[in-house]
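This report refers to the structure that appears directly beneath it.
Note: hydrogens, waters and symmetry copies are ignored here, and every other heavy atom, side chains too, is used.
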Amino acid sequence: FFNRVPKCGSTTMESYIAAALKRHRFHFRRSPDFTHQHLSHAQRRGFVSYFVSNPPPFLFDRHLHFVRFEEFGKTSPVYINLVRDPVAMHVSDWYFHRECVCTVRAEWCEPEWHLKS
């Protein structure tokens, strides 16, 4: 389970996963949900059911707070997390918002953010 942490190398990890898929032929699912990181009890139960229904070897990718599979009588998968220096993470996040988010949702951004550094 690649448990994404925002702005901590997820894109780089995805390139490693793509290369490994070709060589090792495992199942890979990437969640399209990047906004709902905290799940209710019912949502966690549904997620665990979904996760364990996939045939091994299986890798799942999502921004998600830790889910304790044992809470639902299942064995926890191996979690993969990447961490990053907090200052570098916030700098990366600022540039991401300026370059990506602000081009799609300009109303979320300050006009001076568009100035190049």
Of the non-hydrogen atoms in [X] and [Y], which two are nearest, and what is the gap between them?
X: Met13; Y: Ile80; value: CE-CG2, 3.4 Å
X: Leu21; Y: Phe26; value: CD2-O, 3.1 Å
X: His36; Y: Arg62; value: O-NH2, 2.7 Å
X: Phe47; Y: Leu39; value: CB-CD1, 4.0 Å

Discussion item. Test of understanding: with salt bridge (charged side-chain N to carboxylate O under 4.0 Å, His left out), list the residues that count as partners of Asp85, not counting sequence neighbours.
Written reply: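 Checked Asp85 against salt bridge (charged side-chain N to carboxylate O under 4.0 Å, His left out); zero matches.
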
Nearest 0.5 Å, what's the [atom1]-[atom2] distance between [X] and [Y]?
X: Ser49; Y: Lys74; atom1: OG; atom2: NZ; answer: 7.0 Å
X: Phe28; Y: Asp61; atom1: CZ; atom2: CG; answer: 4.5 Å
X: Arg30; Y: Leu59; atom1: CZ; atom2: CG; answer: 11.5 Å
X: His38; Y: His65; atom1: NE2; atom2: NE2; answer: 7.5 Å

Fill in: Parallel, tilted or perpendicular: rings of Tyr50 and Phe60 (30°, 60°)
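The rings of Phe60 and Tyr50 stand perpendicular, inter-plane angle above 60°.
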
Worksheet entry | Whether Phe51 and Phe58 hold their rings parallel, tilted or perpendicular, with breakpoints at 30° and 60° | perpendicular

Worksheet item: Taking a hydrophobic cluster as the set of Ile, Leu, Val, Met, Phe, Trp and Tyr residues connected by side-chain heavy atoms closer than 4.5 Å, whether directly or through intermediates, do Val67 and Val78 fall within one such cluster?
Response: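 Different clusters.
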
Worksheet item: Can you tell me if Ser76 and Glu70 form a side-chain donor-acceptor pair at under 3.5 Å?
Response: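 Distance-only check passes for Ser76 and Glu70.
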
Practice prompt. Name all pairs fulfilling the side chain to side chain donor-acceptor pair (under 3.5 Å) condition that reach into residues 19-29, sequence neighbours left out, sorted by first residue then second.
Written response: none

